[in-house]
Amino acid sequence: MFDFSDIIQELGIPLVIHIQSGNDNGHFEAGEWVSDPSTGTKEVNEPLLPSGSLFEPTANNSQESGGQLVLYDMYWYSEQSNIPMNTVVTDRNTGKDYKVANATPYTSYSTVTIYGMKRVEN
């Protein structure tokens, strides 16, 4: 098994995982998943990298009936496994929240799961 602990720690930034803020604790309102208030937090230092260039996150602009939306894509390289979809993760450096949108577990041969993260701004 490949141990990526040193790389994760070297590239890590302070993140806060809001426990039970994802699909494991919430409900639907008007067809959209709404997380119940989280029951706790876990702080980690792990990489959160933009999906595009290392210098600028990929941002997609779209015009909706409620105004303009900006969607950001990031990747979270984590030693935390089995994080539920829609779990909220906060970047402590920027104060911005991201939601887990997908996961690619490499845990059968390494210590890493790569989570696709989304952020929406008005």
Side-chain angles (χ1 to χ4, degrees):
M1 177 161 309
F2 295 104
D3 182 5
F4 289 99
S5 303
D6 292 340
I7 295 171
I8 296 286
Q9 290 174 1
E10 184 177 329
L11 298 174
I13 62 170
L15 302 174
V16 178
I17 305 167
H18 299 274
I19 308 298
Q20 294 187 346
S21 63
N23 283 353
D24 58 349
N25 193 23
H27 58 279
F28 283 98
E29 285 184 14
E32 184 171 331
W33 182 260
V34 177
S35 299
D36 291 339
S38 63
T39 58
T41 59
K42 180 177 184 176
E43 296 193 25
V44 296
N45 284 308
E46 295 181 333
L48 181 67
L49 301 172
S51 65
S53 153
L54 286 177
F55 305 106
E56 184 66 34
T58 301
N60 296 317
N61 293 310
S62 67
Q63 195 70 32
E64 304 293 329
S65 60
Q68 183 174 352
L69 297 178
V70 182
L71 304 171
Y72 290 96
D73 292 332
M74 302 285 273
Y75 288 109
W76 171 30
Y77 294 78
S78 181
E79 293 187 296
Q80 314 302 311
S81 59
N82 301 317
I83 299 291
M85 295 302 109
N86 293 312
T87 295
V88 176
V89 176
T90 303
D91 177 344
R92 297 230 15 226
N93 290 337
T94 64
K96 294 184 177 184
D97 292 333
Y98 296 89
K99 285 187 177 183
V100 174
N102 59 58
T104 306
Y106 294 101
T107 52
S108 60
Y109 56 88
S110 77
T111 59
V112 174
T113 299
I114 300 175
Y115 294 98
M117 309 296 287
K118 301 283 185 189
R119 173 174 172 75
V120 177
E121 289 183 358
N122 299 14

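All values reported here derive from a predicted model rather than from experimental measurement.
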Quiz item: Can you name the closest pair of heavy atoms from Lys42 and Ile19 and give their distance?
Solution: CB-CD1, 3.9 Å
Quiz item: Out of curiosity, Ile114 CD1 to Asn102 CG, how far, rounded to the nearest 0.5 Å?
Solution: 10.0 Å
Quiz item: What class does the angle between the rings of Tyr109 and Tyr106 fall in, given that below 30° is parallel, 30 to 60° is tilted and above 60° is perpendicular?
Solution: perpendicular
Quiz prompt | Heavy-atom pair with the smallest gap, counting every atom of Asp91 and Asn93 | solution = OD1-N, 2.8 Å
Quiz item: Taking Ser110 for the side chain and Phe2 for the main chain, is one N or O donor matched with an acceptor at less than 3.5 Å?
Solution: no
Exercise. Would you name the heavy atoms of Thr107 and Met1 that are closest together and state the gap between them?
Key: O-CE, 3.7 Å
Quiz item: How long is the gap from CG on Asn86 to NZ on Lys118, to the nearest 0.5 Å?
Solution: 12.0 Å
Quiz item: Side chains of Lys96 and Thr90: closer than 4.5 Å at any heavy-atom pair?
Solution: no
Quiz item: Which pair of non-hydrogen atoms, one from Val16 and one from Glu43, has the smallest distance, and what is that distance?
Solution: CG2-CG, 4.0 Å
Quiz item: Closest heavy-atom contact between Thr113 and Ala103?
Solution: CG2-CB, 4.3 Å
Exercise. List the steps, then state whether side-chain contact (heavy atoms from CB on, under 4.5 Å) holds for Glu79 with Asp3.
Key: CA-CA 10 Å; Glu79 293 187 296; Asp3 182 5; 4.1 Å; yes
Quiz item: Atom CZ in Arg119, atom NZ in Lys99: separation rounded to 0.5 Å?
Solution: 11.5 Å
Quiz prompt | Between CD1 on residue Ile7 and OH on residue Tyr77, distance to nearest 0.5 Å | solution = 11.5 Å
Quiz prompt | Straight-line distance of Tyr75 OH to Leu48 CG, nearest 0.5 Å | solution = 12.0 Å
Quiz item: Looking only at heavy atoms, which two atoms of Glu46 and Trp76 are closest? And how far apart?
Solution: OE1-NE1, 2.9 Å
Quiz item: What distance do Ser78 atom OG and Ile17 atom CD1 have between them, rounded to the nearest 0.5 Å?
Solution: 5.5 Å
